[in-house]
Amino acid sequence: MVTLFFVICILVGFLSAFVGSIAGLGGGVILVPTLLIFYELFDSFSWATSQNIVSISLIVMIFTAISSSISYYKKNRIDYKSGFIFVAFGVPGGMLGSWLNAFINTDRFTLYFGLLMIAMFFFFFIRKKTPQKQVEHTGVWMVERTIHMKGNTYHYGFSILAVMVVAFLVGVLSGLFGIGGGSLMVPAMMLLFHFPAHIATATSMFIIVFLSMFSSITHVVLGHVNWEYVWLFIPGAWLGGTIGAKVNQKMKASTVEGFLRILLLIIGIRLIWQGLQ
């Protein structure tokens, strides 16, 4: 029975990181709801309170994001300048969200997370229907980026003030729900700031390294981390993150996003129902 428990944890870590890395989400949108459902169904997961789940998710995502970023680095897909700007404003939000998590019980957390997943479902739908624009960005508070990738040149830009607001809010949700922020960061980067899909995905994973790291430190200080279970998810997460990043380079983003939207809707409804019981 113990061996089966270990295998389940490794598989959950792998699948969460694999799917999360493909779409640049970090894996928390799979890991967190899975553990919330297991908490209700299996006695062996009775330890999985909202605080433990979020802290485990954030720590595991550090390894997922690092392994994915290494793969994306080799393909020169990460926009480091933009990434560090998002990190600068996202990290304080992540630390605040981690602190706020201490005030939510597991049942309430399950309901709120379900609602968040439904919101992300619609966010991805909006992103799909919104065409990419080529825009000019000028001014002191504007950042322009030109990226060359596979023979194509991509020009996009953003307002630092807009990034300040978006990154901080994403950071708060990341620390609060343990989702890494990629599930919100990727569509925001594409919808609001016109990042090309593959650059947004790769840069998101780079950002998640820092968001997850600082949010995790806050959870450690608050005593939320159950270390005996954390290590069970890391091997699968590292492997899943590496393989997912490689698969991302060969798949159409629309295929992955279509599957993910369906998954978000089904799990979101399941968690809302569970949280209302």
Side-chain angles (χ1 to χ4, degrees), residues 12 16 20 25-43 45-62 64-65 86-123 164-185 188 207-230 233 264 267-277:
V12 170
S16 300
L25 308 182
V29 292
I30 308 297
L31 179 62
V32 173
T34 299
L35 292 183
L36 286 172
I37 293 173
F38 284 3
Y39 170 80
E40 181 191 32
L41 298 179
F42 306 112
D43 291 337
F45 286 87
S46 60
W47 52 269
T49 63
S50 60
Q51 285 76 31
N52 283 332
I53 290 173
V54 169
S55 60
I56 286 175
S57 175
L58 289 169
I59 292 173
V60 168
M61 275 190 293
I62 295 174
T64 303
F86 277 85
V87 167
F89 300 112
V91 165
M95 297 177 73
L96 174 61
S98 298
W99 176 75
L100 291 174
N101 175 267
F103 301 98
I104 303 179
N105 64 43
T106 302
D107 291 334
R108 290 272 185 185
F109 180 87
T110 300
L111 175 61
Y112 295 153
F113 196 92
L115 292 172
L116 177 64
M117 295 194 78
I118 297 298
M120 288 189 291
F121 165 79
F122 286 108
F123 201 1
M164 182 188 303
V165 174
V166 171
F168 182 81
L169 291 177
V170 169
V172 170
L173 293 174
S174 171
L176 181 61
F177 292 106
I179 57 175
S183 49
L184 300 173
M185 191 71 79
I207 296 169
I208 288 172
V209 172
F210 298 92
L211 285 182
S212 299
M213 189 177 299
F214 282 93
S215 296
S216 297
I217 291 173
T218 305
H219 280 284
V220 171
V221 172
L222 293 173
H224 294 167
V225 182
N226 196 330
W227 290 105
E228 65 178 300
Y229 297 110
V230 171
F233 297 91
L264 289 173
I267 296 178
I269 293 173
R270 174 65 176 81
L271 290 177
I272 291 173
W273 178 83
Q274 179 178 327
L276 292 175
Q277 298 303 303

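Below, each value reflects all heavy atoms present in this structure, side chains not excepted, and no hydrogens, waters or symmetry copies.
A distance of 9.0 Å separates OG1 in T218 from CZ in F214, rounded to the nearest 0.5 Å. A distance of 12.0 Å separates CD1 of I59 from OG1 of T64, quoted to the nearest 0.5 Å. We find the CH2-CD1 distance between W47 and I56 to be 4.0 Å, quoted to the nearest 0.5 Å. Note that CD1 of I208 is 8.0 Å distant from CE of M185, once rounded to the nearest 0.5 Å. With rounding to the nearest 0.5 Å, the separation of CD1 in I37 from OH in Y39 is 14.0 Å. The distance from atom OG of S55 to atom CG of L222, rounded to the nearest 0.5 Å, is 10.0 Å.
Between V220 and W227 there is a side-chain heavy-atom pair separated by less than 4.5 Å. Between I62 and S216, the closest side-chain pair of non-hydrogen atoms falls below 4.5 Å. By the 4.5 Å heavy-atom criterion applied to side chains, L211 and V87 are not counted as neighbours.
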**Message:** Quick one, V165 with L169, criterion side chain to side chain contact (heavy atoms under 4.5 Å, CB included). Give me CA distance, side-chain angles, the key distance, then yes/no.
**Reply:** CA-CA 6 Å; V165 174; L169 291 177; 4.0 Å; yes

**Request:** Evaluate the criterion side chain to side chain contact (heavy atoms under 4.5 Å, CB included) for residue pair L35 and F233; output intermediate values, then yes/no.
**Result:** CA-CA 11 Å; L35 292 183; F233 297 91; 4.0 Å; yes

**Residue pair V54, L58: steps toward the side chain to side chain contact (heavy atoms under 4.5 Å, CB included) verdict** = CA-CA 6 Å; V54 169; L58 289 169; 3.9 Å; yes

**side chain to side chain contact (heavy atoms under 4.5 Å, CB included) between F210 and F86, worked out** = CA-CA 10 Å; F210 298 92; F86 277 85; over 6 Å; no

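Formation of a donor-acceptor pair under 3.5 Å by the S212 side chain with backbone atoms of V209 is not found in this model. With S57 contributing its side chain and I53 its backbone, the two residues share no donor-acceptor pair below 3.5 Å.
Nearest heavy-atom pair, G175 versus N101, reported as atom, atom and distance to 0.1 Å: O-CB, 4.3 Å. Heavy-atom minimum distance, V230 versus V60: O-CG2, 4.3 Å.
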Quiz: residues 91-98 side-chain donor-acceptor pairs under 3.5 angstrom, not counting sequence neighbours:
residue : atom : partner : partner atom : Å
S98     : OG   : G94     : O            : 2.9
S98     : OG   : S215    : O            : 3.2
S98     : OG   : H219    : NE2          : 3.4

